[in-house]
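Here is the structure we will look at.
All values derive from a computational prediction rather than experimental measurement.
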Amino acid sequence: MTLSANSISTLEPISHCQNLTELYLRKNNLSSLAELYYLKQLPRLRILWLSENPCCSPDLQKYRMTVLRNLPDLQKLDNQAVTAEEVSCAMTEGEEIAAPPAELLSAENGSPRPTTGHTCGEVTTESENDLLNFSMEETNKIREQLGMKPLPRDKFSPFLSPVEPYGNRKKKNNVLNAILLLLKDLDAEGLEVVQRTAENRIHQLQRKEIQQDR
């Protein structure tokens, strides 16, 4: 997946692309190597190009060792082959990334991580409406890129139910963001395949809803 020069500042949405094998992220706005936490969740990642991001300087050796300690299965980093000796050195010289950037920042500042303002399982009417509006916006963005007409509010069936846990809602929103990123790499033929698949999936969900209402 090629995402170079896209002003990307976080890799969280990409963490859901489990089949990703190559990732090109040059010339973005990644300021912290803590973003590697999200790439550790990609078991098939073998090629990574991360250079020319703020997180790569000033100590390039430390940067490379940290990347390889957290992603030891890489075969190539920044267009340079990874050797077994490098990976071995990285286990002692590199920094282990064990938490996402937000948690690391909170720990360094000695302050608790920000919360959503709701207790577990509690969702207010206002937050439900915000979530619905967000889901509609993201869904219609995808439909627009696929050449499909946007859904009006009264026809919109959200992916997320009001009683769904916050963590599940956040994960699905991240999946939507990842899909939007991936669409940028597709040509017309690829988008047509996605369009047909999306339309079939929508029809399946609509039939399922009709059956449940009977």
Quiz item: Residues two or more places apart in sequence or in another chain: which of them pass salt bridge (charged side-chain N to carboxylate O under 4.0 Å, His left out) with Glu85?
Solution: none

Exercise. Provide the closest heavy-atom pair for Met65 versus Ala90 in the form atom of the first, atom of the second, distance.
Key: O-CB, 3.3 Å

Self-check item: Asn70 side chain to Ile97 backbone, donor-acceptor under 3.5 Å
Solution: yes

Quiz prompt | CE-CD1 distance between Met1 and Ile14, expressed to the nearest 0.5 angstrom | solution = 4.5 Å

Practice problem: Can you measure from CG (Leu74) to CG (Leu68) and round to the nearest 0.5 angstrom? | Solution: 6.5 Å

Quiz item: For the hydrophobic clusters of this structure (ILVMFWY residues joined by side-chain heavy atoms under 4.5 Å, transitively), does one cluster hold both Leu3 and Trp49?
Solution: no

Quiz item: Looking at Pro101, Ser15, Pro100, which hits side-chain contact (heavy atoms from CB on, under 4.5 Å) with Glu35?
Solution: Pro101

Quiz item: Which distance, rounded to the nearest 0.5 Å, do you find between the CG of Leu11 and the CG of Leu50?
Solution: 7.5 Å

Self-check item: Which atom of Ala81 lies closest to which atom of Glu86, heavy atoms considered
Solution: O-OE1, 3.6 Å

Quiz item: Would a hydrophobic clustering, with Ile, Leu, Val, Met, Phe, Trp and Tyr connected at side-chain separations under 4.5 Å, put Tyr63 with Leu25?
Solution: yes

Exercise. Indicate yes or no for a side-chain donor-acceptor contact from Arg64 to the backbone of Asp78 under 3.5 Å, with no hydrogens or angles considered.
Key: no

Quiz item: Checking Ser4 side chain against Arg26 main chain: does a donor-acceptor pair fall under 3.5 Å?
Solution: yes

Exercise. Compare every heavy atom of Lys40 with every heavy atom of Glu96, then report the nearest pair and how far apart it is.
Key: OE2-NZ, 2.9 Å

Quiz item: Roughly how far, to the nearest 0.5 Å, is the OG1 atom of Thr197 from the CD1 atom of Ile202?
Solution: 11.0 Å

Quiz item: Between Ser88 (side chain) and Ala84 (backbone), is there a donor-acceptor pair under 3.5 Å?
Solution: no

Quiz item: Which pair of heavy atoms, one from Ser31 and one from Pro54, lies closest together, and at what distance?
Solution: CA-CB, 4.0 Å

Quiz item: Do you reckon Leu33 sits in the same ILVMFWY cluster as Ile47, going by side-chain contacts under 4.5 Å, direct or chained?
Solution: no

Exercise. Check the hydrophobic clustering (I, L, V, M, F, W, Y; side-chain heavy atoms under 4.5 Å; chains of links allowed) and say if Val82 and Met91 are grouped together.
Key: yes

Quiz prompt | Least distance between heavy atoms, Cys17 atom then Pro13 atom | solution = SG-O, 4.4 Å

Quiz item: Among Thr21, Leu23, Asn19, which residue meets the side-chain contact (heavy atoms from CB on, under 4.5 Å) test with Leu45?
Solution: Leu23

Self-check item: Which atom of Glu12 lies closest to which atom of His16, heavy atoms considered
Solution: O-CD2, 3.9 Å

Quiz item: If you measure from the Lys or Arg side-chain nitrogens to the Asp or Glu carboxylate oxygens, is any gap between Arg69 and Glu95 under 4.0 Å?
Solution: no

Quiz item: Is Asn29 reaching over with its side chain to a backbone N or O of Ile8, donor-acceptor style, under 3.5 angstrom?
Solution: no

Quiz item: Has the side chain of Lys62 got a donor or acceptor atom that lies under 3.5 Å from a matching backbone atom of Glu93?
Solution: yes

Quiz item: Looking at CG of Leu42 and CG of Asp73, how far apart are the two atoms once the value is rounded to the nearest 0.5 Å?
Solution: 11.5 Å

Quiz item: Rounded to the nearest 0.5 Å, how far does OG of Ser9 lie from CG of Asn53?
Solution: 10.5 Å

Quiz item: If Ile, Leu, Val, Met, Phe, Trp and Tyr residues are connected whenever their side-chain heavy atoms lie under 4.5 Å apart, and connections chain through other members, are Val67 and Tyr24 in the same group?
Solution: no

